[in-house]
Amino acid sequence: MRFDVVTLFPEMIQEAATNGVTGKAIEQERVGLSVWNPRDYTHDKHRTVDDRPYGGGPGMLMKCQPLCDAVKDARKKNEKGDTKVVYMSPQGKQITQNLLIEASHLSQLILVAGRYEGVDERFINSVCDEEWSLGDYVISGGELAALVVIDAVTRLIPGVLGDDDSAKQDSYMDGLLDYPHFTRPEESELGVVPNVLLSGNHQLINRWRMKQALGRTALRRPDLLKVKELSAEQSALLEEFKNEIQDLD
Ligand code: 4GY
């Protein structure tokens, strides 16, 4: 899988993505990453990438031509296979883990990061396949949104996380919030670690964790529980949770 990011701030993507899990995946060539600056596709002496909006109003828009030419070049990195061009904006479809799982099967994801007041609508309609949103808030540019997508998709690529690692845990807890975690010391001024986690009984520990995940999801994100099918055991654990006095943390 390769990511291509069209951005006026390529160093923002390169700097951030070459750290941590994404950095290692790039080093190990499990994913590819290139950046494409629309400014490099301008032809005037001022290298103009923006222009004033028709109809007036504040701010500037990104012009179509440098964006189109940047995407065209990015596409050449993937002659065969499946490419999707995505514009990141609050007007898009809100991303979910399921949407990102689907994206992880593509051979190329071209992410377009807007700046200023956004891009000419014709670029979105004619060149982009989809428009995706992080959520209902506004940030100053699409770069951080593109980085979120790159990070979340990279974690889903086989071999990127250790085999016994969080990827499997994540799918085990599919559609639920995470359970609480504790590390040493066993006892401090901040409180004690739940006894079951010290028991060494992994069946009991797994049951406790599932009960906590179900209970927290019920308390904090009832919307997630409504769309999830619970097994008979999970329903029983959730009932147990509800019958115990719980911290509303
Ligand atoms: N929310 N989800 C988002 C965003 C910034 C100006 C258009 C979001 O994805 N992107 O807030 N983007 C704006 C900045 C150009 C995108």
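Worth saying up front: this structure is predicted, and the values here are computed from it rather than measured. First listed ligand is number 1; within each ligand, the first listed atom is number 1.
Listed by chain and number, residues touching ligand 1 at under 4.0 Å (heavy atoms only) are Y87, M88, S89, P90, G114, R115, Y116, G118, W132, S133, L134, G135, Y137, V138, I139, S140, G141, A145.
Not one N or O on the side chain of T42 forms a donor-acceptor pair closer than 3.5 Å with the backbone of V49.
For K72 and D69, the salt-bridge test fails: no basic side-chain N is under 4.0 Å from an acidic carboxylate O. Between K211 and E240 a salt bridge is recorded (basic side-chain N to carboxylate O distance below 4.0 Å). Taking the charged nitrogens against the carboxylate oxygens, R47 and D40 do have a contact shorter than 4.0 Å, which makes a salt bridge.
Heavy atoms of other residues, nucleotides or ligands lying less than 6.0 angstrom from CD of Q28 number more than 12.
For the pair V112 and W36, the minimum side-chain heavy-atom distance is 4.5 Å or more.
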